[in-house]
Amino acid sequence: MNYRKIALEHYKNHVCVWCGYGNPTVLQVAHVNHDNKDHKFSNLVFLCPTHHREYDIGLISTKMILERREFIETNPKADWSILIGGTLTKEEYKKKLSDRSKKAHQTRKKNKK
């Protein structure tokens with residue numbers, strides 16, 4: 001069994017534990033102890049590519065990563081699916097973003113006057 005599958009099966013929230021980014025095709029599974037042969041679920045964590053790199057070079061500590069992983073997994077109020085459009089179809093999500101963009105543009109235009 002590969003470590004990505006282990007993480008997907010064990011953790012319910014498939015988002016970067018640092019920033020909440022939730023596109024599963026982009027997310028990476030990092031090894032907490034930096035041993036890429038240790039595939040225990042407790043040694044795995046979801047990170048976006050940017051935060052995976054920052055973790056690997058020491059800009060984010062192991063303690064902080066573990067605290068964020070626990071928070072992400074135990075926070076019942078967070079609706080992480082919002083970050084990737086929830087239950088909206090891809091077209092509905094694009095329209096929603098487009099509507100927000102139009103509204104923001106109108107607001108900026110109005111505020112310039």
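Atoms considered below: every heavy atom in the structure, side chains included; atoms not considered: hydrogens, waters and symmetry mates. As the structure is a computational prediction, the values presented were derived from the model and not from experiment. Positions are given from 1, in the same order as the sequence printed here.
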Say whether, by atom type as modelled, one donor and one acceptor occur between the side chain of [X] and the main chain of [Y] under 3.5 angstrom.
X	Y	value
E73	N13	yes
H14	G22	no
R68	V17	yes
N23	T25	yes

Distance, nearest 0.5 Å, that separates [atom1] of [X] from [atom2] of [Y]:
X	Y	atom1	atom2	result
N36	Y3	CG	OH	7.0 Å
L59	R53	CG	CZ	11.5 Å
L47	C19	CG	SG	8.5 Å
D56	H51	CG	NE2	12.5 Å

How far apart are the closest heavy atoms of Q28 and H52, and which atoms are they?
-> OE1-ND1, 2.6 Å
Hey, are D35 and K37 close enough for a salt bridge, meaning a charged N less than 4.0 Å from a carboxylate O?
-> no
Salt bridge present between K63 and E67 (N-O < 4.0 angstrom) = yes
Heavy-atom side-chain proximity of [X] to [Y] below 4.5 angstrom:
X	Y	result
V26	P49	yes
R69	Y11	yes
V29	F46	yes
V32	L44	no
N2	I6	no
T62	N33	no

Just do the side chain to side chain contact (heavy atoms under 4.5 Å, CB included) check on M64 and W18 with the steps written out, would you?
-> CA-CA 9 Å; M64 293 187 302; W18 196 252; 3.7 Å; yes
Please work out whether the ring planes of H31 and H39 are parallel, tilted or perpendicular, with thresholds of 30° and 60°.
-> tilted
Check: Y55/S61 side-chain N/O donor and acceptor closer than 3.5 Å = no
